[in-house]
Number of protein chains: 2
Amino acid sequence: MQKETRKEEILRVAARLFKNKGYSAVTMRDLATEMGIKAASLYNHISSKQAILQEIVLAIAEDFTAGMHKIIEADSNSIKKLEQIIDLHVKIAIENTDGLAALNSDWMHLESKLDYYLKLRQDYENNYRTIIESGIANKEIKAVKPDVLMFSMLSTLRSLYLWIPKKGNVNPKELSASLAQILIKGINI
Amino acid sequence: MQKETRKEEILRVAARLFKNKGYSAVTMRDLATEMGIKAASLYNHISSKQAILQEIVLAIAEDFTAGMHKIIEADSNSIKKLEQIIDLHVKIAIENTDGLAALNSDWMHLESKLDYYLKLRQDYENNYRTIIESGIANKEIKAVKPDVLMFSMLSTLRSLYLWIPKKGNVNPKELSASLAQILIKGINI
DNA sequence: GTCTATACGCTGATAGAC
DNA sequence: GTCTATCAGCGTATAGAC
């Protein structure tokens, strides 16, 4: 286990503050105080407040993109793929709860990287929808409206970060299994 | 159809801005510009920025509370009650999309009214959970984990405001029916 | 009901000493 | 790597003229 750099510490603490109050309401002075230093000292490690948000959000967005690519390339049926998507969201939500909160709540405050973020999200949703549509075509999934199903599943998965901290130590496998039961069994033929 | 007062106009425009950028990132100057007046003029109609947020969020929170009370008092089974909860969320999401966004994203910026808001939300969730637990006890609902089911349904219903504007003119009955199919049919015995 | 003028604390960020 | 000092601009809000 290698030591956390000062920059990593800033990103970790910033994510926690962003989760609680939102990007706009957190000041560089808040962040510095939380780290026990002065605001000016932060700038030896990061170039701007905006750069902090970018690093936090884009790292996670790229994790989701990479995870989705693994899933769509694998040779498995649609239900399995949906289960793997649940696993992916549970894993990221547990490993990086605060960062995920920032992604979900503060992505619109990305400035120069906003277009890039939106493209990643769009591609992710397109891949998701394609999995559902294939499943319906193959009669693995009930003939529900693909958009409503994707919206419903994604709403739950995107909200995981709100729910995980309340539950203390979460068992990822158990949580994934419960979610799969509720999100998928109902649509499984 | 009675004319909108200046104050109502402020609340409506503010809700739209809060939805897009979040409470903290919207300035009184932004709001005034959007209304075609100067920031100082806003204070003839509202006492503070905080008061705007309170009016928007608490009105909706109280709508949910009133709706839930009607549902739990009615003489119907658990599945019917869950369907009525879906209807309630769809109705409010369509009628007051922007205000609902502010409630979901900016409730933590309520200052003196935060405790009141949290109590309304807690009571709402307790009533929701009780409906699910009764349904499981009566064998109307599969023996899933009540908390996971409530979390999943509420995540979807609370995210409706994100989804509705993309869909243009929404038919509430059709949307409620699709959601009920996906959220309830899977857990129905 | 809206305006101009103004108060004044807080904001992100930089320069330069140690 | 952290500090103090500093800055220009923006934040909410008030006073008082029209």
Side-chain angles (χ1 to χ4, degrees), chain A residues 2-58 98-99 102 105-114 117, chain B residues 2-58 99 102 105-114:
Chain A
Q2 64 205 30
K3 216 181 115 200
E4 185 184 51
T5 66
R6 206 79 168 115
K7 178 173 168 178
E8 286 164 349
E9 188 187 356
I10 290 174
L11 296 179
R12 178 173 56 78
V13 174
R16 195 182 77 228
L17 297 184
F18 292 167
K19 176 190 177 182
N20 293 335
K21 302 177 40 174
Y23 174 75
S24 302
V26 173
T27 71
M28 296 302 274
R29 285 169 177 80
D30 290 338
L31 176 54
T33 302
E34 199 74 9
M35 299 197 53
I37 58 177
K38 296 291 173 182
S41 306
L42 293 169
Y43 291 87
N44 270 293
H45 308 282
I46 47 91
S47 63
S48 67
K49 185 186 177 189
Q50 170 68 201
I52 295 175
L53 183 68
Q54 286 176 12
E55 292 222 33
I56 293 171
V57 171
L58 295 182
D98 297 342
S105 303
D106 287 315
W107 59 267
M108 72 287 281
H109 297 118
L110 289 170
E111 295 166 6
S112 60
K113 303 289 187 180
L114 179 59
Y117 168 77
Chain B
Q2 66 204 28
K3 213 179 117 200
E4 184 184 50
T5 67
R6 205 75 168 121
K7 178 174 170 178
E8 287 164 346
E9 188 187 355
I10 290 174
L11 297 178
R12 177 173 56 77
V13 173
R16 196 182 77 229
L17 297 184
F18 292 168
K19 177 189 176 185
N20 292 335
K21 302 179 40 175
Y23 174 74
S24 302
V26 173
T27 71
M28 296 301 273
R29 290 191 235 271
D30 289 339
L31 175 53
T33 302
E34 199 73 7
M35 300 196 54
I37 59 177
K38 296 291 172 183
S41 306
L42 293 169
Y43 291 86
N44 269 294
H45 308 282
I46 47 90
S47 63
S48 67
K49 186 186 175 188
Q50 172 67 201
I52 296 175
L53 183 67
Q54 286 176 12
E55 292 221 33
I56 293 171
V57 171
L58 295 182
S105 303
D106 287 315
W107 59 266
M108 73 287 281
H109 297 119
L110 290 170
E111 293 163 10
S112 60
K113 303 288 187 181
L114 179 59

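We name chains A, B, ... by the order of the sequence lines, and we start the count at 1 in each one. No experiment lies behind these values; they were computed from the predicted model shown.
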When you measure from the side chain of B:Gln50 to the backbone of B:Glu111, do you find a donor-acceptor pair of N or O atoms at a distance under 3.5 Å?
yes

Would you kindly give the CD1-to-P distance between B:Ile46 and C:dG1, to the nearest whole Å?
13 Å

Taking atom P of D:dA13 as reference, at what distance in whole Å does atom CD of B:Gln50 sit?
9 Å

Would the distance check show the side chain of B:Thr33 and the main-chain N or O of B:Arg29 forming a donor-acceptor pair, the cut-off being under 3.5 Å?
yes

Tell me whether A:Arg16 is salt-bridged to A:Asp98, with the criterion being a basic N under 4.0 Å from an acidic carboxylate O.
no

Step-by-step side chain to side chain contact (heavy atoms under 4.5 Å, CB included) determination, B:Ser41 to B:Met35:
CA-CA 10 Å; B:Ser41 306; B:Met35 300 196 54; over 6 Å; no

Does B:Lys49 count as lying over the ring of B:Tyr23, i.e. NZ or CZ under 6.0 Å from the six-ring centre, within 45 degrees of the axis?
yes

Where the side chain of B:His109 meets the backbone of A:Lys21, is there a donor-acceptor pair that is under 3.5 Å apart?
yes

In whole Å, I'd like the distance from the CG atom of B:Asp30 to the P atom of D:dG11.
7 Å

Can you spot which of B:Glu4, B:Glu9, B:Glu8 makes a salt bridge (Lys or Arg N to Asp or Glu O under 4.0 Å) with B:Arg6?
B:Glu9

Could you state the OH-P distance from B:Tyr43 to C:dA7, rounded to the nearest angstrom?
17 Å

Separation of C:dG12 atom P from A:Arg29 atom CZ, nearest Å, is 7 Å

For residues 2-23 of chain A, which residues have at least one heavy atom under 4.0 Å from DNA chain C?
none

Atom-to-atom span, NZ of B:Lys38 to P of D:dA13 - whole angstrom
18 Å

Starting at CD of A:Gln54 and ending at C1' of C:dG12, how long is that distance when rounded to a whole Å?
15 Å

In whole angstrom, give the distance that lies between atom CD1 of A:Ile52 and atom P of C:dG12.
10 Å

Within the pair B:Ser41 and C:dG1, is there a side-chain N or O less than 4.0 Å away from OP1 or OP2?
no

Base, sugar-phosphate, or nothing for B:Ala40, non-hydrogen atoms under 4.0 angstrom?
base

Return whichever of B:Lys49 or A:His45 has its heavy-atom-nearest nucleotide of DNA chain D closer to the 5' end.
A:His45

